[in-house]
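In what follows, a structure is listed as structure tokens, so that the remarks can point back to it.
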2 protein chains.
Amino acid sequence: MTKAPTASDVARRAEVSRSAVSLVLGGNAKKARLSDETQERIRKAAKELNYRPNAAGRSLVRGRTETIGLVIRDLDLIGVDPFLLPLLKGILEATRDQGYRVLVESIREGSGDPFGDLMDSGRIDGMIVENPNYGDKSLRRLIKSGRPVVVMGSQGLKEEVSVRIDDFKIGFVATEHLISLGRRRIAHIAYAESGIYAVDLRFRGYVEAMRKAGLPIEPALVTHANFSMESGYAAMLDLLGATPLPDAIFATSDAVAMGAMAAVQDAGYLIPRDIAVASVDDISAARFFRPALTTVTSEPYASGKLAAEMLIELMSGQKPGNTSALVDTRLIVRGSSVEDYSDDLLQTAREIRATK
Amino acid sequence: MTKAPTASDVARRAEVSRSAVSLVLGGNAKKARLSDETQERIRKAAKELNYRPNAAGRSLVRGRTETIGLVIRDLDLIGVDPFLLPLLKGILEATRDQGYRVLVESIREGSGDPFGDLMDSGRIDGMIVENPNYGDKSLRRLIKSGRPVVVMGSQGLKEEVSVRIDDFKIGFVATEHLISLGRRRIAHIAYAESGIYAVDLRFRGYVEAMRKAGLPIEPALVTHANFSMESGYAAMLDLLGATPLPDAIFATSDAVAMGAMAAVQDAGYLIPRDIAVASVDDISAARFFRPALTTVTSEPYASGKLAAEMLIELMSGQKPGNTSALVDTRLIVRGSSVEDYSDDLLQTAREIRATK
DNA sequence: GCGGTTTGCTAACACGAGTTAGCAATGGAA
DNA sequence: TTCCATTGCTAACTCGTGTTAGCAAACCGC
């Protein structure tokens, strides 16, 4: 349990001052006119001692921590929604390439000023906030203060820097797809926690598509779930109690849709013949359910990566070119809505095998 | 973009020394005999300025960062295996309760001493390593140095502190279950990256169960995938080329099994009639696949929580009572192996609805 | 040999906090 | 009055780093 060596230890070993060590290892040896021979001696000593500059010391004097925070609304969301995986991967990849670390935080609700606390704790230089509640006081104050924050989703503030997907379009496209298949009684499973911008927009997209097609919004066909598959199953049980039955479901996430599909099948109905299903995210399991899930990608990997890149730009001082990026979305039609779909799965599998 | 206030700012405002501020806010006012009136003044000033102690300054003098590292072998794993979600949740919950933060890192392979670099960077006080490669030089050195490391899995070192599941038993139990159903030609889909302790043990469990039943291990029935569903699909295509066909599959993770099941179904075979499937993890989707997936839980949530608790104990200086915790596992039989299974899903769903 | 430049290095300060030793003032006892 | 104890507070050190001003020696030109 030896303590980590410091720059002083290196200095002692190389028989120079501690300043010299900082200068050489910081790449400013030339400016300070240190002789090649001395530089070599310092580098050698550092390597022998396995010296690694202490982040706290460095962060103190530099005023930067080289770490960003990823704030996730709810710990329960972390536990269950696979949508977070590619998001996290995108963020980790982009930050790692730039030498940043990622601190994952969940916000405890209703406690003072959690966003400010995290931002000014001196642990991070900036943060990415995943789909926060719309109108969160603590977050809004932070954004207005001009600190480096990238919102995934939106708070509707002119000061904010955000990565959004067109959630209205998502709701509209998914619903319109179901309508185009001749479905009339289209149910919607939204999130129980309202107040999340993305979720509300998807609902509005659904409403607009229905209205455009001249279809009524039936309150009995609009229900709620949280982000878990279990809650999707439960919500579907409610919908299966409606008469007449819905002939299609638009669920607000793949996880919820998977729960709902299981409920439909357990009740003895066929997908898509009796009930067609469409949802949002394209998590990896969506292709492997049978029938495979028709879904609108929310491009979590690309979004995460983009958010991290924008944040890094922001932290470097410059306002990014566009303060609001809109990630493209795309409807992926699969067997849960169209009977005779055929996937590119076989092709993908062949490619995988080829690279083995 | 106002700068965060420091203890000096608070001191100035309260018209006291900076020391007094540290003493009061650090809870040592009594020891230093500061008058109640002064204490009040300091607390008021701190609140008015919205003062938050800087983590770097504090960590420097205290020698602790109040942050732990979670090291995940591979970024690609993060992107796709839902098994990580409950694990992450367990770790976040346990650490948050104790005032710790979590830094998520992936290790870049083959680069010097990545574990040592992270540990001695001054960013973290200890780390949890998720299923590292067996025999990793950098990690083993770190463990032997006695620093606070909890391994999920094992490196087989006497110095290590680990949270393990009985992977041999997992492999054995899953395979034995398939055998008990009368299956004889049981295939195994392992991980392509060998060298991971857990993975190798599962394979040995499989071998032992087969041996005990007097069944041969056929090389053509042992194949590999990585952690993705895609690779499970591809691996299954290989197995479907075997003659005669396997009549059961033991896959090393649910994600891989899901890919494999899709391939089986796409080829026109019925699960479990033609081919039974069992795997490991019990990710949330396992219950919602149809047929639902027979699996041995690896209890990722409990494991993560336990690992975090052990690490915190370790960081506080004391050696934990047991340096090697074994998380219990359990076979969950569902429709992918037994035709007429019935789940408690309906009951669960009713409970969810009841709490709404 | 003197003034000026260049070379090679270090002392000293700063960052923001926690902690200890000890100063000054007051109070009480002898 | 003198001595000691207590009260209320702060100066000064520490942690590990980055950076700047500047010291001493060597070198150059005349």
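Protein chains get the first letters and strands the later ones, always in sequence-line order, with residue 1 at the start of each. Below, all heavy atoms of this structure are taken into account, side chains as well, without hydrogens, waters or symmetry copies. Because the structure is a prediction, the values reported are computed rather than measured.
At whole-Å resolution of the value, CG in B/Leu23 and P in D/dC13 are 17 Å apart. To the nearest angstrom, P of C/dG16 lies 16 Å from CZ of A/Arg62. As rounded to whole Å, 14 Å separates atom C1' of D/dG16 from atom CZ of B/Arg123. Note: CD (B/Gln39) to P (D/dT10) measures 13 Å, nearest angstrom. In this structure, the CG atom of A/Asp36 is 12 Å from the C1' atom of C/dG8, given to the nearest Å. As rounded to whole Å, 10 Å separates atom P of C/dA17 from atom CG of B/Leu25. To the nearest angstrom, P of D/dC15 lies 18 Å from CG of B/Asn54. Rounded to an integer number of Å, the gap from CD of B/Glu40 to C1' of D/dG8 is 17 Å.
On a pure distance criterion of 3.5 Å, a polar donor-acceptor pair joins the side chain of A/Arg18 and the base of D/dT17. One N or O donor and one acceptor, one from the side chain of A/Ser19 and one from the base of C/dA12, sit under 3.5 Å apart.
The side chain of A/Thr6 contributes no N or O atom lying less than 4.0 Å from OP1 or OP2 of D/dG16. Close to D/dG18, at under 4.0 Å from its OP1 or OP2, lies a side-chain N or O of A/Arg58. The side chain of A/Asn28 places no N or O atom within less than 4.0 Å of a non-bridging phosphate oxygen (OP1 or OP2) of D/dG18. Contact between the side-chain N/O atoms of B/Thr38 and the OP1/OP2 oxygens of D/dC9 is found at a separation under 4.0 Å. Regarding contacts with the backbone of C/dT20, a side-chain N or O of B/Lys31 is found under 4.0 angstrom from either OP1 or OP2.
Of the possible donor and acceptor atoms, one in the side chain of B/Ser138 sits under 3.5 Å from a partner among the backbone N and O of B/Phe115.
Under a 4.0 Å N-O distance rule, the pair A/Arg62/A/Asp125 does not qualify as a salt bridge. Ion pairing between a basic and an acidic side chain is recognised when a charged N comes within 4.0 Å of a carboxylate O; B/Lys44 and B/Glu48 show such pairing. Salt bridge status for B/Lys89 with A/Asp76: present, with a side-chain N to carboxylate O gap under 4.0 Å.
Among the protein residues, B/Lys30 comes within range of no part of the nucleic acid, since none of its heavy atoms lies under 4.0 Å from any strand. Within the nucleic acid shown, A/Arg64 has no heavy atom closer than 4.0 Å to any nucleic acid atom. Here B/Ala7 lies in heavy-atom contact (under 4.0 Å) with sugar-phosphate atoms only. Using a 4.0 Å heavy-atom distance criterion, B/Val16 is classed as a sugar-phosphate-only contact.
Mapped onto DNA chain D by nearest heavy atom, B/Glu15 and B/Gly57 fall at different nucleotides, with B/Glu15 at the one closer to the 5' end. Along DNA chain C, the nucleotide nearest A/Val61 and the nucleotide nearest B/Arg33 are compared for position; the residue whose nucleotide lies closer to the 5' end is A/Val61.
Atom CZ of B/Arg123 and atom CG of A/Leu103 lie 10.5 Å apart (nearest 0.5 Å).
Looking at every heavy atom in both residues, B/Thr95 comes nearest to B/Ile312 through CA-CD1, 4.2 Å.
When distances are taken from the side chain of B/Ser22 to each of C/dA17, D/dT20, D/dG8, the shortest belongs to C/dA17.
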